[in-house]
Amino acid sequence: MVNVPLAHSARRPELLAAGAATVTVVMWASAFVSIRSAGAEYSPGALALGRLLVGALVLGVVCLVRREGLPPRAAWPGIAISGLLWFGFYSVVLNWGEQQVDAGTAALVVNMGPILIALLGTRLLGDPMPPRLLAGMAVSFAGAVTVGLSMSGGGGSSVLGVVLCLLAALGYAGGAVAQKPALGHASALQVTTFGCLVGAVLCLPFSGQLIADAADASLSATLNMVYLGVFSLALAFTTWAYALARTTASRMGATTYAVPALVVLMSWLTLGEVPGLLTLAGGVLCLAGVAVSRSRKRATRVVAASPRPEQTRESA
């Protein structure tokens, strides 16, 4: 007989991790809308530094309230690498790259990140690569390509821009994989907070640009930068780390393929940008691929047979 409350409590960590991953995906999708607004008035380095400073402030306050303390020494290599590659380097080169290429090209190149995470995770972390995960990533990448192609053509692209977006994808993948071992020694909040601080220190040379841009920027652009720091960084990266600690880097990377589909939907609702049929089809493919990659093979249920009355009497 199955104990229902016990079975539900056993699934609770898995449900919490799925919820955390969902929060991350939604917040990262909304970031693309905010970056388009803030990026028009803030230079790439200034926007990255401003976002990181806001995120570090929020995360630092939360750490003090929760008395998290410093991460253990064993966690620092992963924190330092993720802070340098993902929080710092990725933020600057992505902002710069999106100024050089159209949105479709940027989406195409940056969405190589989850594939790179899967390759690095398998090589460096020993992550398994089940057929469902591979199939789901293939479907999602086809969807991302479809979305990117449907969005291309509205702007120019340069070799420099494509290289910058490729470097952003490499930084994203390397930082995400480096986080995984760190989460074995420190909490998700600690890994996110100190990774953000490392990224902010890396971006300090842009302090002068940030001060100059903030003096001339509109209130809307500045509020978008604050939003990026509080929600798409402090909140989203913490929920990402929480979920990553409870699954593989490859599976988490595949989950982020839902971002292009949500960006299409949010742009439609908030900016009035009506997507074409090709864009919608690509978004559906992205979500379908995520569903496949997150699915698990059904386990065969073994039901213990109840003893028949005559068997009970015989054994007695």
Side-chain angles (χ1 to χ4, degrees), residues 9-31 51-91 113-114 117-118 120-121 124-127 171-202 227-256 258-259 290 294:
S9 63
R11 279 182 51 84
R12 190 168 182 269
E14 184 178 345
L15 294 174
L16 289 175
T22 301
V23 171
T24 297
V25 168
V26 172
M27 290 296 99
W28 283 354
S30 69
R51 178 185 183 184
L52 288 165
L53 289 177
V54 172
L57 176 62
V58 173
L59 291 166
V61 170
V62 176
C63 275
L64 289 175
V65 171
R66 292 177 56 87
R67 298 181 180 179
E68 287 282 331
L70 292 173
R73 182 179 298 178
W76 273 104
I79 291 174
I81 294 173
S82 66
L84 291 171
L85 291 181
W86 198 2
F87 288 87
F89 178 76
Y90 168 84
S91 299
I117 289 175
L120 291 174
L124 301 178
L125 304 177
D127 286 353
Y172 160 40
V177 171
Q179 270 193 343
K180 181 64 176 178
L183 290 166
H185 305 282
S187 69
L189 183 58
Q190 287 175 319
V191 171
T192 305
T193 301
F194 289 92
C196 183
L197 284 171
V198 170
V201 171
L202 180 67
Y227 173 87
L228 289 169
V230 175
F231 293 99
S232 69
L233 194 155
L235 174 60
F237 275 78
T238 302
T239 51
W240 160 278
Y242 177 89
L244 179 61
R246 289 155 179 81
T247 186
T248 65
S250 303
R251 191 175 294 275
M252 277 299 294
T255 303
T256 61
V259 170
V290 171
R294 298 288 298 186

Quick one, [X] and [Y] - any side-chain contact, counting heavy atoms below 4.5 Å?
X: Val230; Y: Leu235; answer: no
X: Thr255; Y: Val25; answer: yes
X: Phe87; Y: Val198; answer: no
X: Tyr172; Y: Ile117; answer: yes
X: Tyr242; Y: Thr192; answer: no
X: Trp76; Y: Pro71; answer: yes
X: Thr248; Y: Met252; answer: no

Give me the atom names and distance for the closest heavy-atom approach of [X] to [Y].
X: Ala178; Y: Ile81; answer: CB-CG2, 3.6 Å
X: Leu228; Y: Arg51; answer: O-NE, 3.5 Å
X: Leu183; Y: Ala241; answer: CD1-O, 3.3 Å
X: Leu124; Y: Val177; answer: CD1-CG1, 4.4 Å
X: Lys180; Y: Arg246; answer: NZ-N, 4.4 Å
X: Ala249; Y: Leu125; answer: CB-CD1, 4.2 Å

Exercise for the section: Please report the C-alpha distance between Glu68 and Ser187 in whole Å, then the side-chain angles of each, then the deciding distance to 0.1 Å, and finally whether the side chain to side chain donor-acceptor pair (under 3.5 Å) criterion is met. Expected result: CA-CA 8 Å; Glu68 287 282 331; Ser187 69; 2.9 Å; yes

Problem - Any donor-acceptor N/O pair, Thr24 side chain to Ala236 backbone, under 3.5 Å - result: yes

Practice task
May I ask you to decide if Met27's main-chain N or O and Ser30's side chain share a donor-acceptor pair within less than 3.5 Å?
Solution key: yes

Exercise for the section: Show your reasoning for whether side chain to side chain contact (heavy atoms under 4.5 Å, CB included) applies to Val191 and Phe237. Expected result: CA-CA 9 Å; Val191 171; Phe237 275 78; over 6 Å; no

Exercise for the section: Look at the rings of Trp240 and Trp86 and say which category their plane angle falls in: under 30° parallel, 30 to 60° tilted, over 60° perpendicular. Expected result: perpendicular

Atom pair [atom1]/[atom2] of [X] and [Y] - distance to nearest 0.5 Å:
X: Gln190; Y: Ile79; atom1: CD; atom2: CD1; value: 7.0 Å
X: Leu59; Y: Leu64; atom1: CG; atom2: CG; value: 11.0 Å
X: Leu233; Y: Thr238; atom1: CG; atom2: OG1; value: 8.0 Å
X: Leu53; Y: Cys196; atom1: CG; atom2: SG; value: 8.0 Å

Handout entry: Exceeds 12 heavy-atom contacts within 6.0 angstrom, atom CZ of Phe231
Key = no

